[in-house]
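Okay, so here's the structure we're looking at.
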2 protein chains.
Amino acid sequence: MKPTSLVSEHDKFLEDLSALPDVNACIDAICAYFKIEFATYHLAFHEGKAIDTPYVKTNYPSDWVRQYLVMNYIEIDPVAQSGFARALPCLWADLDWSDPKSGTFVEDAIKHGVGGAGYLIPVTDRRRRRAIVNFASPIDPEKWATKIEDIAVVLGECAEILHRKAILDLYGKEDERPALSPREIQCLSWVAQGKDAGAIAIILGISEHTVRDYCKSAKHKLGCATLFQAIHKATMLRIIDSDALD
Amino acid sequence: MKPTSLVSEHDKFLEDLSALPDVNACIDAICAYFKIEFATYHLAFHEGKAIDTPYVKTNYPSDWVRQYLVMNYIEIDPVAQSGFARALPCLWADLDWSDPKSGTFVEDAIKHGVGGAGYLIPVTDRRRRRAIVNFASPIDPEKWATKIEDIAVVLGECAEILHRKAILDLYGKEDERPALSPREIQCLSWVAQGKDAGAIAIILGISEHTVRDYCKSAKHKLGCATLFQAIHKATMLRIIDSDALD
DNA sequence: AACTGCCCCCCTCAAATTTGGGGGGTTGGA
DNA sequence: TCCAACCCCCCAAATTTGAGGGGGGCAGTT
């Protein structure tokens, strides 16, 4: 397998894709090009708002989108649940569907005509934003697997492009979200868990001074007057959370 | 007008409503009883999750629900925007529809067959959770206004019941969300804005000691080891935010 | 090859602030 | 009556803050 050659085979397409105006257009283009039924882009959060609104772009049929929302299926959908937790793409078939709740979810999906095979691509950018991109078709999982194998790398590129388009759509040209270093995020996260500098130093195996220094620089990067404000802001921006601890 | 007599007129209905198993059943029952086309319950946030998921229960048609989600209409829908900001119920007609964005939103709503008159009821509970309940019908706004006038109080009760059902659905019997006092929330919010105790004392017109005491008790109520952790937790639970400042 | 920026890591010191523990009190609602 | 919210105070110990000072390494640019 030569990923690079596979990509270059579709270079022209990716270029065209990047030129499209919005996420919806990209979704349609990808589906048409690869002859895939459904594609969805789903950004985990939409920071700083008082009202939770997922940023979702999809070409799934209305009935299913409505049902998914109203039934709060995101809570039990293994694709979404593990998609936002894992780092590497995978076939839906390779996920864990053993939970009985997944069963009712799948039944309902089939009832809505959207059962079948799928491919999940998690996206994480340098600013700790998380999204998932899903491709799905109502075809035989075996055939789907071989089809995907050939284009997995290109689909990965497509996912990146979708994400960039979404961020552009949401925040415009300049993306002001501060990029903290991994250590800064770790220290801030531990502080938010109620640990003091001494404890964090032991946990991370570094000096207490260094822990303080990371908190300081994180505070400055976030443009905050106090560390309290930095914790608040970083929490709202979802830069720190319990799984950033280690 | 005698609100109490109006309520008692529908006492039996409200009792039956409380006995229903879930939010969806309540929505259907309310619509049937009052001959209203559409009803929606929308909880602003769904705390502590890494993925933003609105808690929405509605009997709106699928096409419209999908469109609303995919177009991110929540951002421009005056009903949702002012609903989560205001405290008192009002007719949709009395909202501010002057923004040109509202125009395209309304057009699209009409295209989806859901234009018409509506009544918005904001819900805020003691634990600072916010929700909106909306009732809508494709009838003449004048007629709608007189119809609502008669049942406004009962609809308010219905909204309360819907909210209780939703909270029960989400968190089960015991609702562990800590209830901070208004002063505690204020102090915590100001701390999260980067103010120190001295500045907050001046802002709120109380002693510096008192500010500290509020932070202390808030920290204890939230079950946190440090104030940093309290700020983090309160931010995640959406107990503190910029409009809790005054 | 030099430079710049960032990440990573460590340290000092004095001043300011927070913490945890106590002690008061009033008021209004269940 | 009790409880919670609201308000005020003290103190010693611990901690954080702000301002400096170091160091090495890696990646991209000029």
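Computed from a prediction, not measured in an experiment: that's the story for all the values here. Proteins come first, then strands; the chains are lettered A, B, ... in the order of their sequence lines, and each starts at number 1.
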**Message:** For nucleotides 1-11 of chain D, give me one character per nucleotide, 5' to 3': B if any protein heavy atom sits under 4.0 Å from the base, S if the only such contacts are to the sugar-phosphate, - if neither.
**Reply:** ----SSSBBS-
**Request:** Taking the side chain as every heavy atom from C-beta outward, state whether A/L204 and A/T210 have any atom pair closer than 4.5 Å.
**Result:** no
**Request:** Indicate yes or no: at least one non-hydrogen side-chain atom of A/E47 is less than 4.5 angstrom from one of A/R129.
**Result:** yes
**Asked** Is it true that a side-chain atom of A/K57 and a backbone atom of B/V70 form a donor plus acceptor pair closer than 3.5 Å?
**Response** yes
**Exam field: side chain A/R128 to backbone A/L237, donor-acceptor pair closer than 3.5 Å** = no
**Request:** Could you list where the contact with chain A starts and ends along DNA chain C, reading 5' to 3', using a 4.0 Å heavy-atom cut-off?
**Result:** C/dC7 to C/dT12
**Item:** Distance, rounded to the nearest Å, where A/H220 contributes NE2 and D/dA19 contributes P
**Value:** 7 Å
**A/Y33 and A/D16 side chains, donor-acceptor separation under 3.5 Å** = no
Which heavy-atom pair separates [X] from [Y] by the least distance, and what is that distance?
X	Y	value
A/A136	A/W92	CB-CH2, 3.6 Å
B/H42	B/P54	NE2-CB, 3.9 Å
B/P89	B/Y119	CB-OH, 3.2 Å

